[in-house]
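Below is one structure; the comments refer to it alone.
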Protein chains: 2
Amino acid sequence: MVTKPVPSQARSRSRREALLRAAIGVLAEGGSKAVTHRAVAARAGVPLASTTYYFKSIDELTEEALRLHVTERVAELEALTAEAAEGGRTVEEIALRFADALVGRSREAMVAQFEVYLEASRVPTLREPVARALLAFEELAARALAALGARRPEEAALAFVAILDGFALHRLARPLDPERDAALLFDAMASLFVAYAMDEDEFEMWRARFRRPLAG
Amino acid sequence: MVTKPVPSQARSRSRREALLRAAIGVLAEGGSKAVTHRAVAARAGVPLASTTYYFKSIDELTEEALRLHVTERVAELEALTAEAAEGGRTVEEIALRFADALVGRSREAMVAQFEVYLEASRVPTLREPVARALLAFEELAARALAALGARRPEEAALAFVAILDGFALHRLARPLDPERDAALLFDAMASLFVAYAMDEDEFEMWRARFRRPLAG
DNA sequence: TCATAATCCGTACATTTGTACCAGTAATCG
DNA sequence: CGATTACTGGTACAAATGTACGGATTATGA
């Protein structure tokens with residue numbers, strides 16, 4: 001049994017998946033130190049031995065769970081991208097949908113996503129799916145920005161995704177009033193829209209104001 | 001020995017601190033599951049028993065290490081805030097210093113900071129120092145923005161800190177070319193500056209462009 | 001200087017955890 | 001239907017880990 005094949009029986013496949021989802025849940029609740037065979041098995045409602053039957057080690061289980069999580073994220077986002085491309089919506093609407101898809105998830109899902117980011121900085125195998133996920137996020141933003149004639153839409157897209165993740169991370173670390181938080185995020189997104197929609201000359205003109213020294 | 005007092009001897013205090021710093025290092029390298037008594041003691045170069053002598057449990061050790069980390073961060077930032085308030089600098093210079101202080105740290109320090117954010121979403125004791133740290137970051141940004149006559153400087157500051165942390169998080173998860181990354185971040189910060197420096201009316205005028213529907 | 005408290009550190013031990021084992025059951029395929 | 005394979009799940013056990021213990025050493029203060 002050098003490499004474990006994908007289970008052939010339906011019930012078995014669903015068990016395997018249940019284990020992966022349980023692992024995400026445990027991770028979000030208690031952090032990576034809480035992800036043990038026993039905790040995952042208990043949450044998935046399967047016997048302990050199932051975990052070692054389906055996965056070579058606990059690390060492999062965790063890693064595959066994280067991969068599944070980002071892969072599903074990408075699929076969602078790709079569906080949304082296709083929908084946005086149909087046209088007939090305002091940028092603001094798209095921005096809201098976009099923010100919601102990226103950052104309007106359950107606390108659990110957001111914690112898991114950020115755990116993936118951090119884990120990717122340590123585990124090379126996770127970098128590729130994480131990079132794909134970020135790219136999918138950015139592509140959606142870039143598409144909307146390009147349709148608007150924004151300056152450097154691909155680069156602006158990086159800024160959008162960054163500010164969304166930044167807000168989400170801060171919200172986890174320091175919860176604010178949800179309505180205020182949403183309003184602030186929306187305002188920040190609108191601001192980015194405005195600045196990136198200018199052409200280079202216009203932008204440079206505004207920017208010159210910030211090259212002057214400040215009075216203390 | 002219900003509560004452990006602060007050590008009275010100098011050597012002892014420095015050992016205790018060495019343990020806390022070692023814990024941060026271990027955490028950044030291997031995640032929270034790597035933070036064990038033995039790993040921390042080995043990294044700090046002290047015997048295993050020191051860890052239980054100074055700390056009631058491994059969780060307490062971890063938590064205090066994280067608290068120390070954010071507290072030091074706040075102190076750095078407060079020093080920088082004072083320096084920025086002296087005047088005679090351009091906003092761009094301040095922005096660069098600000099970005100550097102927040103996000104230009106070692107990979108290790110950044111990973112640790114984000115681990116704190118996630119841990120704060122689970123451990124209530126961490127919320128207060130994390131909130132103080134975020135506030136310190138935001139205050140520095142708000143001060144510069146206010147000096148510039150920016151619209152709603154406190155709210156704009158939230159956006160700045162969010163975009164900085166977002167970029168930093170993405171950089172960890174998916175390293176880009178460092179020069180390109182820095183240029184993108186700088187451009188994004190400049191864009192936010194521009195948008196938040198407009199007055200409400202001007203901003204609304206620009207924003208109207210984004211209320212129109214998009215062509216697919 | 002002496003007594004008392006603080007600190008040190010090797011070691012022991014119970015608990016938790018990862019992982020292997022294997023007898024049994026269910027599915028699959030010829 | 002029979003045999004072969006896939007899966008199940010209880011249990012065992014070695015390794016890692018958290019934590020306690022207690023005697024040796026060092027600082028502190030009267």
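What you are looking at is a predicted structure, and each value in this text was computed from that prediction instead of being measured. We name chains A, B, ... by the order of the sequence lines, and we start the count at 1 in each one.
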Look at [X] and [N] and indicate whether a side-chain polar atom (N or O) is within less than 4.0 Å of OP1 or OP2.
{"X": "B:S12", "N": "C:dT7", "result": "yes"}
{"X": "B:Y53", "N": "C:dC8", "result": "no"}
{"X": "A:R15", "N": "D:dT8", "result": "yes"}

Using ring centroids (six-membered ring only for Trp), state whether A:F114 and B:Y117 fall under 6.0 Å.
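Here the rings of A:F114 and B:Y117 have centres that are no less than 6.0 Å from each other.
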
Atom pairs, protein N/O to nucleotides 19-27 of chain C N/O, distance under 3.5 Å:
from   : atom 1 : to    : atom 2 : distance (Å)
C:dT19 : OP2    : A:I58 : N      : 3.0

A:L48 and A:T51, any side-chain heavy atoms less than 4.5 Å apart:
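Yes, close enough: below the 4.5 Å cut-off.
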
Decide yes or no for A:F98 and A:L164: does some side-chain heavy atom of the first lie under 4.5 Å from some side-chain heavy atom of the second?
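Yes. Closest side-chain heavy atoms under 4.5 Å.
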
For A:R105 and A:E76: C-alpha separation, side-chain torsions, deciding distance, then whether salt bridge (charged side-chain N to carboxylate O under 4.0 Å, His left out) applies.
CA-CA 12 Å; A:R105 324 296 300 180; A:E76 280 173 38; 3.3 Å; yes

Which residue lies toward the 5' end of DNA chain D, B:T36 or A:S50, if each is placed at its nearest nucleotide?
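That would be A:S50.
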
Without decimals, in angstroms, what is the distance between B:F55 CZ and C:dT7 C1'?
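It works out to 14 Å between those atoms.
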
Between the side chains of A:E93 and A:R97, is the shortest nitrogen-to-carboxylate-oxygen separation below 4.0 Å, so that they form an ion pair?
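Not counted as a salt bridge, because no side-chain N and carboxylate O are separated by less than 4.0 Å.
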
Residue from B:H69, B:E63, B:E64 passing side-chain hydrogen bond (donor to acceptor under 3.5 Å, both in side chains) with B:R67:
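The side-chain hydrogen bond (donor to acceptor under 3.5 Å, both in side chains) with B:R67 is passed solely by B:E63 among B:H69, B:E63, B:E64.
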
